[in-house]
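Side-chain atoms are counted along with the backbone in the values below, which use heavy atoms only and exclude waters and symmetry mates.
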Amino acid sequence: MKSILIVEDEPDIQELLTAYLRNAGYRTASAEDGVAALDLFQSRIFDLVLLDIMLPKIDGFGVCEVIRRQSQVPILMLTALDGEEQQLKGFGLNIDDYVTKPFSIPVLLEKIRVILRRSAGAEAENLLRYRDVTVNLDTREVSLGGRLLDLTAREFDLLYTFLASPGRVFTREMLLAKLWGYDFYGDARVVDSHIKNLRRKLERDYIETVRGVGYRAAKETD
């Protein structure tokens, strides 16, 4: 189930979007201003951000700029501003598409479906390279300096999550929700165990512990 962050300050529209997206099979979370949106984005993993421009505290362009510093998550802007200048500004921040108010729910749902499909396809086609590690998403193989590593499915998913967003800190709860599912009720220390095994197989300190918070892959410039 894909997870969508709805950033919209109008309660009626936020409620409407939540209802239709959940009915379409998506998991949702909502924020009514830019600060709350960034707090949510930092605490959970989303597959798409539905982002209004006219927001309190930090506007949609500001939110988009911060997100793009750490993630290439698809962003669909939802706005009453339909002028060319505003659209070009959004595309300059590397958003994926626009929907202008008033909007058609069927059109919005179709745009979301297409963006998510395109995003999944782009991920599947590309190799992910990080230092001397190469991750092949088609074959789910990982090589270290040209030597294939014997990783479990969970170790592969963990490694990809870290290497796809170097420098981003993931809490145990975020990793459990993304890889084990939101209905997982086991011991959160299962994450520590898998990361310990992954570090041993990598033979590198590429996955750092952020004390009291979680884990991250070091930025390539670190």
Side-chain angles (χ1 to χ4, degrees), residues 2-3 5 29 34-35 37-49 58 62-75 93-96 119-182 184 186-222:
K2 298 293 186 180
S3 183
L5 173 58
V35 172
L38 292 173
D39 286 343
L40 261 177
F41 187 79
Q42 293 292 343
S43 66
R44 291 172 55 178
I45 299 171
F46 295 96
D47 299 290
L48 182 141
V49 178
I58 303 175
V63 172
C64 182
E65 188 173 359
V66 173
I67 289 176
R68 277 291 173 260
R69 291 174 190 161
Q70 57 185 282
S71 173
Q72 291 303 308
V73 63
I75 296 176
L93 292 171
N94 200 22
I95 68 164
D96 292 82
S119 175
E123 289 178 358
E125 291 171 1
N126 296 327
L127 294 177
L128 174 63
R129 293 185 173 87
Y130 174 89
R131 300 186 182 181
D132 55 351
V133 176
T134 300
V135 180
N136 188 318
L137 295 169
D138 290 328
T139 63
R140 291 182 63 85
E141 292 178 331
V142 176
S143 61
L144 176 68
R147 173 174 59 87
L148 285 179
L149 300 180
D150 183 18
L151 301 184
T152 67
R154 193 73 76 194
E155 289 165 356
F156 178 93
D157 292 337
L158 274 170
L159 183 62
Y160 174 73
T161 298
F162 289 124
L163 301 191
S165 301
R168 183 177 182 185
V169 178
F170 294 90
T171 65
R172 292 177 182 84
E173 290 73 22
M174 291 169 68
L175 295 169
L176 284 171
K178 178 177 175 64
L179 304 181
W180 276 262
Y182 283 93
F184 177 79
D187 192 333
R189 287 176 296 181
V190 68
V191 174
D192 303 335
S193 177
H194 280 81
I195 288 177
K196 180 180 178 181
N197 291 335
L198 187 55
R199 283 169 166 166
R200 175 176 54 81
K201 293 179 180 181
L202 284 172
E203 302 172 356
R204 306 283 195 281
D205 294 329
Y206 288 167
I207 301 175
E208 301 177 339
T209 299
V210 181
R211 192 173 300 277
V213 183
Y215 300 95
R216 69 174 182 177
K219 289 185 179 180
E220 298 218 49
T221 56
D222 286 357

Between [X] (side chain only) and [Y] (backbone N and O only), is there a donor and an acceptor less than 3.5 Å apart?
X	Y	value
Asp47	Ser3	yes
Arg44	Ala177	no
Ser43	Leu40	yes
Arg172	Val213	no

Strictly below 4.0 Å, N to O, side chains only: are Arg200 and Asp150 in salt-bridge contact?
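No, this pair does not count.
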
Sequence neighbours left out, what passes side chain to side chain donor-acceptor pair (under 3.5 Å) with Asp39? Give chain and number order.
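In terms of side chain to side chain donor-acceptor pair (under 3.5 Å), with neighbours along the sequence ignored, Asp39 is linked to no residue.
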
Side chain to side chain donor-acceptor pair (under 3.5 Å) involving Thr209 - partner list, sequence neighbours excluded
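If we apply the side chain to side chain donor-acceptor pair (under 3.5 Å) test to Thr209, skipping adjacent residues, the hits are Arg199.
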
Between [X] and [Y], which heavy-atom pair has the shortest distance, and what is it?
X	Y	value
Ala217	Leu163	CB-CD2, 3.9 Å
Arg216	Gly167	CD-O, 3.8 Å
Arg204	Asp132	NH2-OD2, 3.1 Å
Arg68	Asp96	NH2-OD1, 3.6 Å

Distance, nearest 0.5 Å, that separates CG of Leu158 from CG of Asn197:
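Going from CG on Leu158 over to CG on Asn197, the span is 10.5 Å.
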
For the CD1 atom of Ile45 and the CG atom of Leu5, what is their distance to the nearest 0.5 Å?
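Rounded to the nearest 0.5 Å, the CD1-CG separation comes out at 13.0 Å.
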
Return the orientation label for the Tyr130 and Tyr206 ring planes: parallel under 30°, perpendicular over 60°, tilted otherwise.
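Judged by the thresholds at 30° and 60°, the geometry between Tyr130 and Tyr206 is perpendicular.
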
Check salt bridge (Lys or Arg N to Asp or Glu O under 4.0 Å) between Glu203 and all other residues, then give those that pass, not counting sequence neighbours.
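Expected list: Arg147.
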
Using side chain to side chain contact (heavy atoms under 4.5 Å, CB included) as the criterion, point out the one residue from Val142, Leu149, Leu151 that pairs with Leu198.
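Answer to the side chain to side chain contact (heavy atoms under 4.5 Å, CB included) test with Leu198 among Val142, Leu149, Leu151: Leu151.
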
Carefully, step by step, assess Leu202 and Leu159 under the rule side-chain contact (heavy atoms from CB on, under 4.5 Å).
CA-CA 10 Å; Leu202 284 172; Leu159 183 62; 4.0 Å; yes

With Arg69 as the cation and Phe41 as the aromatic partner, state whether NZ or CZ is under 6.0 Å from the six-membered ring centre and within 45° of the axis.
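No, cation not above the ring by the 6.0 Å, 45° rule.
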
